[in-house]
Every structure is written in structure tokens, then in C-alpha cells.
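Notes follow the structure.
Keep in mind the model is a prediction, meaning the values are calculated, not measured.
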Amino acid sequence: MKIVYGPVPSRRLGRSLGVGPIPFKTCDYSCVYCQLGRTTHMTNQRKDFFPPEELLNEIKRAIEVESSHSEIDFVTFVGEGEPTLCKSLGWLIRKTKEIADIPIAVDTNGSLLYREDVRNDLSQADVVMPSLDAGTAETFRKINRPHRGIVFEAVVEGME
């Protein structure tokens, strides 16, 4: 798995350097529309899937290489799954800001925003882009097929 990639063009963020702090298809949803297919590692437990220092070193190397070739508009924490499952996300955001004066974005399904630790981590980002695919618990279960520990009302409350 490549942890850092790009920069790639983004409709919303310009030229974005992507950072995937979680393994492929590690998520707390298994959305019916996911371009990557069904989730293979369903979890809602936050942990460090990779050593945080290793992730930071790869981010630093990519920024150093790209800064001489092109402009990076954002460093974006995304994933081929849910990036807020990374326990060290707040630390990574802080340390990335120390490395370079580049805004930080996080693209998330918003499922864990009901948790104070996740909100604290994301409060350090410049842009947080959560998504909500459904207006009712029934539709949420059908579309997002969430981990059994995820409750629709808590997701909505966390986003509020």
C-alpha cells in the first residue's frame, strides 16, 4: 500500500497530497456504492495501523520532493477506508503542520464524530469534509451498512 500519493487534482481542494493512514478497506462502513468494493476489515476501534513516525517520515519526504516540482494546496488525510480510525490522526495533523505551511484537510464519513477524541483530533485540521448519505436510520443501514456499534442518531449528533 502506498501511504502518501500525489499531489492529485481535486475539485474541492486544488492540488492535494493524499495521505492514507489506514490499510486498504479498513472501515466502519461497507457502503453499497464504494468504488473499492466490500469492506474487508470492518471495525470501529481506533488504533495505529502503521507506526505514526513512519507515516510522518513518508509525508515529510513527499512534501520535500513535491515542493521543488509543484504547488501543494492541501495535505489531505483520506483513505481506502475511514481515516479517523487512525488513533494518531491528531498527532499526524499537528506534526505535518510543523513540517510545512500547507493547509490540512480530512475527508471522512463522519461516523466517529460523536467521539470527543475524534473531534479534538479533527479540530486541528483546516478543513474537515464529512459525508452523510441518509436521512433515516433505515436508509443509513441499507446504504452504508455500518459496523454494528455505529448508531445513526450518534452519527448525526456528532456531525452537528
Side-chain angles (χ1 to χ4, degrees), residues 1-50 52 54-56 58-60 62-63 66 70-97 99-135 140 143-147 150 152 154-160:
M1 176 183 157
K2 187 161 173 127
I3 295 170
V4 179
Y5 58 91
V8 296
S10 165
R11 285 189 325 259
R12 297 173 283 186
L13 302 174
R15 293 184 52 76
S16 176
L17 185 70
V19 180
I22 56 170
F24 180 74
K25 289 307 294 172
T26 299
C27 197
D28 50 6
Y29 289 178
S30 186
C31 299
V32 296
Y33 61 80
C34 185
Q35 65 191 18
L36 302 171
R38 279 194 172 265
T39 295
T40 56
H41 183 218
M42 176 75 79
T43 184
N44 71 343
Q45 180 180 356
R46 294 185 84 199
K47 70 178 200 173
D48 288 329
F49 298 91
F50 305 110
E54 185 180 308
L55 287 165
L56 185 63
E58 191 166 331
I59 293 167
K60 184 177 182 177
I63 288 172
E66 288 305 320
S70 62
E71 182 74 21
I72 299 172
D73 297 311
F74 277 88
V75 173
T76 307
F77 287 88
V78 294
E80 296 173 326
E82 175 50 36
T84 62
L85 289 169
C86 174
K87 187 176 181 179
S88 292
L89 184 60
W91 181 84
L92 287 165
I93 292 169
R94 264 192 327 279
K95 292 297 185 179
T96 301
K97 284 180 167 255
I99 291 170
D101 187 27
I102 302 171
I104 306 291
V106 180
D107 193 357
T108 173
N109 66 21
S111 61
L112 299 179
L113 289 174
Y114 70 92
R115 294 179 50 152
E116 186 175 357
D117 60 330
V118 173
R119 289 192 311 272
N120 287 339
D121 285 352
L122 294 179
S123 71
Q124 301 170 72
D126 298 289
V127 176
V128 177
M129 299 177 295
S131 60
L132 183 61
D133 299 325
F140 172 71
I143 293 174
N144 298 120
R145 299 184 303 203
H147 183 277
I150 302 292
F152 176 71
V155 172
V156 172
E157 185 178 311
M159 287 189 187
E160 289 173 349

> Once you round to the nearest 0.5 Å, how far does CG of L132 lie from OG of S111?
Replying inline: 11.0 Å
> Hey, does V78 have a side-chain heavy atom less than 4.5 Å from the side chain of Y5?
Replying inline: yes
> For D28, which residues count as a salt bridge (Lys or Arg N to Asp or Glu O under 4.0 Å) partner, sequence neighbours excluded?
Replying inline: none
>> Taking the side chain as everything from C-beta on, heavy atoms only, tell me whether L113 gets closer than 4.5 Å to L122.
In response: yes
>> Are the side chains of I72 and F74 in contact, using a 4.5 Å heavy-atom criterion?
In response: no
> Do any N or O atoms from the side chain of N144 and from the backbone of Y29 form a donor-acceptor pair under 3.5 angstrom?
Replying inline: no
>> Is a donor from one side chain sitting under 3.5 angstrom from an acceptor on the other, for S16 and S10?
In response: no
>> Please verify the inter-ring angle class for F140 with F152; under 30° counts as parallel, over 60° as perpendicular, anything in between as tilted.
In response: tilted
>> So does I104 get a backbone contact from the side chain of D126, meaning a donor-acceptor N/O pair under 3.5 Å?
In response: yes
> Does some side-chain heavy atom of L56 sit less than 4.5 Å from a side-chain heavy atom of I99?
Replying inline: yes
>> If I compare all heavy atoms of A105 with all of M129, which pair ends up nearest, and what's the gap?
In response: CB-CE, 4.3 Å
> What heavy-atom pair brings K25 and G37 nearest, and what distance separates the two atoms?
Replying inline: NZ-O, 2.7 Å
> Rounded to the nearest 0.5 Å, what separation is found between the OH atom of Y114 and the CD atom of E157?
Replying inline: 11.0 Å
> Side chains of Y33 and D133: is there a donor and an acceptor less than 3.5 Å apart?
Replying inline: yes
> What do you reckon, is NZ of K95 surrounded by more than 12 foreign heavy atoms closer than 6.0 Å?
Replying inline: no
>> Quick check: closest heavy atoms across C86 and L92, and the distance to 0.1 Å?
In response: SG-CD1, 4.0 Å
> What are the two closest non-hydrogen atoms of T108 and G110, and how far apart are they?
Replying inline: OG1-N, 2.9 Å
> Under 3.5 Å, side chain of R38 to main-chain N/O of S30, donor-acceptor pair present?
Replying inline: no
> Is the backbone N or O of D73 less than 3.5 Å from a side-chain atom of R15, with the two atoms forming a donor-acceptor pair by type?
Replying inline: no
> Going by heavy atoms in the side chains, are R115 and T84 under 4.5 Å from each other?
Replying inline: no
> Distance from I93 atom CD1 to F77 atom CZ, nearest 0.5 Å?
Replying inline: 5.5 Å
>> Using a 3.5 Å distance criterion without hydrogens, assess whether the side chain of E82 forms a donor-acceptor pair with backbone atoms of N109.
In response: yes
>> Does any part of the side chain of R46, heavy atoms only, come nearer than 4.5 Å to the side chain of V118, both counted from C-beta?
In response: yes
>> Would the distance check show the side chain of T43 and the main-chain N or O of Q45 forming a donor-acceptor pair, the cut-off being under 3.5 Å?
In response: yes
>> Using the rule given for side chain to side chain contact (heavy atoms under 4.5 Å, CB included), can you reason through V106 versus D121, listing the C-alpha separation, both sets of side-chain angles and the distance that settles it, and then say yes or no?
In response: CA-CA 10 Å; V106 180; D121 285 352; over 6 Å; no
>> What's the separation between atom NE2 in H147 and atom OG1 in T39, rounded to the nearest 0.5 Å?
In response: 11.0 Å
>> Counting C-beta onward and ignoring hydrogens, is there a side-chain heavy-atom pair between L112 and I150 closer than 4.5 Å?
In response: yes
> Hey, what do you get for CG (D107) to CG (L13), rounding to the nearest 0.5 Å?
Replying inline: 8.0 Å
> Can you tell me how far the CZ atom of R145 sits from the SG atom of C31, to the nearest 0.5 Å?
Replying inline: 8.0 Å
>> Could you report the tightest heavy-atom contact between L85 and C27, atom names first, then the distance?
In response: CD1-CA, 3.8 Å
> Can you tell me if NZ on K97 sees more than 12 non-hydrogen neighbours from other groups inside 6.0 Å?
Replying inline: yes
> Is there side-chain contact between F50 and E58, with at least one heavy-atom pair below 4.5 Å?
Replying inline: no
